[in-house]
Amino acid sequence: MDRKRQRSNPNRKNVDKKTVWKKKDSKIEAVDQEIEQLKAKYNEIDVASVQTFSSFPLSQKTQQGLKAAHFEKPTEIQRQSIGLALRELDILGAAKTGSGKTLAFLIPILERLYNLKWSHLDGLGALIISPTRELAYQIFEMLKTVGKFHDFSAGLVIGGKPLREEAERINRTNVVILLDEADRILDMGFAQTMNAIVENLPTERQTLLFSATQTNAGTTRRHDTTQAHRLLPTSSVVNRMPSSSPPDLAARGLDFPAVDWVVQLDCPEDANTYIHRVGRTARCEKNGEALLVLLASEEDAMVEQLKTKKIPIEKIRVNPKKKWSIQPKLQSMCAADVQLKEFAQRAVVSYVKAVFLMKNKQVFDVTKLDVDKYANSMGLAVTPRLRFLQKYQKQQSLKRDTARDAPNRDTNPPHTSLLPAGSEEEETGSEDEEDLPQPPCRQQEAFGFDVEDDLDDILKVKAKTTVSSSDEDMEEDHKNVAVMFPQVKPSAKSKKLLTKFALAKKLAKKNIQVNTKVVFDDEGKEVADVHKKPQATSSEDTYEAGIDIEQVKKNMAEEDKFDKQLYRDKIKLKHKPLAVLDVDDADRCNIDDLPDPDKYYGPAASDDDNGSSDDDESSDHADRQKKTCQTVKAMRRVILRKRRMTARETVMTMTDRLRKEENGQQMKDWVWIRFLEMTRTWP
Ligand SMILES: Nc1ncnc2c1ncn2[C@@H]1O[C@H](COP(=O)(O)OP(=O)(O)OP(=O)(O)O)[C@@H](O)[C@H]1O
């Protein structure tokens, strides 16, 4: 219809176009006007009077997004920072965990891009760097919710895809969320990457930096977390996990709704980790509780660290009446389940290693750990072998001795004396390894593996990762690593893996005959193993040098013959009728220990022919004995071969066969009785 009208009126098309342009122009004008009006209000923002988001001069689209997400009142950090960010100032904001920092930087980003009328043609307009992949997703979700009425394109770059693809995506998007372990960036050797990103950003830019604190958020005290730390004797360190455990990844920035309590059974690596973990509760105007369990050896140094961050803590002691030990229960569980025991052993070793690797030796002093008690609390009667600890202790005492012997030398060179490659001391160390008193490795005896060895890899990888940076800070780490890994250089002995091939070579060299497996049948006869090497009689001794093709062909033909015969025998055995099984053996079979059928049925029943002579009787009896013997043996074979047959099926098979024979009924009954007796002794 429209087309018809258009055809009838050629000017119509031009009129429509004009209307569209007009509409577009007026829209652009309206946007420009809105931006101008908003900008004019930026300097008039009075933080004290801001009660709701609508008090901020924000674009209609952002206001709509906030409304749709049910964000009405700004949190303190949002109130304080949004106005400043709108004025294009750089911000360094510190606010409590869960205080709404994400929105505090997302709103200004949306507004800034809107004011600049940024479109997808302009490419990248904002860059958000988040510490973890999970947090990146969370920020992305928040951005999609609040910014859904805007026309910007947002992208999430979390790695794992080809670089070119990622680069193209970045160019196409306006707001990019990049993944990186921001908090740990320096620790993990990403300082260079970080610097490279910053160097490539335009010099004219606005920077918003937010960090999580516990108390610096001004008025956020309203919903402070109630915190306490609890001291436990070393015997109560059940279920303590190393600090590098997955929860610490989740502890950074992730927003879990309705977490009331954060209970830390292991000491956090430092005060910052504590803050991040505790920040999972008391989020956004809500209350929360946190409990930290510390060992006596960790208490002083850790509490000091928390105090310097102004974290309010309250010490509580456990009521001894309320305590009960689960140690006996765990011990019995470990005794009953080898796998569980293995897990417990691994847990002990990895925990001690984690403590050993911690940087802050004032808090994490491995020498103060009561490892035996810890192992006991995990249900283990014997502490797993901790070779690295022994080596470390030995090295320490050696170092002390050397210092005593050479007082004029620099007795405590900061880091170099413990692990200098190829140094004198290292050599001494490796010699000492032989002299080290090695405790009996009971877990190795029991399970055939060394729990500790399995974890050595983790140790090495960590060391490598930490050392791999070239940054100044990383150099410092490098030194620390040298202190932390005084002796973890694997000895040449442990480096070499004993492969099957190496083992076979070793045995061949020593001329040791390895055990062979011989299979016997029920009667004690050796069963030829078809999987065994060919047993043809050809001799290989005739070879003097090289390969004699003709001889090989002959041998192969013989082997072939042998194999075919073996196969035929196997098939024959399979189809052999049960009744004729081992008939030749019948005479040798002693059935005296079997119950006598006469005992069950009386002499009359067993007498088939009353008028027969004594001789006939005795020959009858012998016949019957022979038959019985055959039957029982055949039955046993059937039962053993066809284990999958049910007991009833087996007996039915046997009795069917017997029915056709002389004295069938009587024998059938007898077989039944014998069968029932046999089944009673079956495993
Ligand atoms: N103005 C607001 N009104 C209501 N809820 C809000 C507001 N701002 C943020 N929130 C909610 O508060 C929770 C915590 O916000 P957010 O994750 O941004 O905190 P955070 O300070 O970044 O925390 P962390 O330091 O742990 O990363 C989220 O569930 C978020 O939806």
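All values below come from the heavy atoms of this structure, side chains included, with hydrogens, waters and symmetry mates left out. Indexing begins at 1, ligand by ligand and atom by atom, following the structure's order.
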Inset, instruction - Pick one of side chain, backbone, both or neither for how K73 approaches ligand 1, counting any non-hydrogen atom pair under 4.0 Å. - result: backbone
With a cut-off of 3.5 Å and sequence neighbours excluded, list every side-chain donor-acceptor pair involving residues 83-93.
from, atom 1, to, atom 2, distance (Å)
R87, NE, Y42, O, 3.3
E88, OE1, R112, NH2, 3.4
D90, OD1, T207, N, 2.8

Legend entry - Straight-line distance of C334 SG to K329 NZ, nearest 0.5 Å: 11.5 Å
Inset, instruction - Would you check if the distance from the ring center of F356 to the ring center of Y392 is below 6.0 Å? - result: yes
Inset, instruction - Could you label the plane-to-plane angle of the F53 and F56 rings as parallel, tilted or perpendicular, counting under 30° as parallel and over 60° as perpendicular? - result: tilted
Inset, instruction - Please verify whether a non-hydrogen atom of A95 lies at under 4.0 Å from ligand 1. - result: no
Inset, instruction - Give the numbers and elements of all ligand 1 atoms closer than 4.0 Å to a heavy atom of F53. - result: 1 (N)
Inset, instruction - May I ask you to check whether G98 has an N/O atom sitting below 3.5 Å from an N/O atom of ligand 1? - result: yes
Legend entry - For F71, the ligand 1 atoms whose distance to one of its heavy atoms is below 4.0 Å: 2 (C), 3 (N), 4 (C), 5 (N), 6 (C), 7 (C), 10 (N), 31 (O)
Inset, instruction - Using distance alone, determine whether K101 and ligand 1 share an N or O pair under 3.5 Å. - result: yes
Legend entry - Close-contact set for ligand 1 against T102 heavy atoms, below 4.0 Å: 16 (P), 17 (O), 18 (O), 22 (O)
Legend entry - Sidechain N-carboxylate O distance under 4.0 Å for E304, K307: no
Legend entry - Geometric N/O contact G100 with ligand 1, under 3.5 angstrom: yes
Inset, instruction - Go through the steps to decide whether Q33 and Q37 satisfy the test side chain to side chain donor-acceptor pair (under 3.5 Å), and finish with yes or no. - result: CA-CA 6 Å; Q33 230 177 349; Q37 280 170 4; 5.5 Å; no
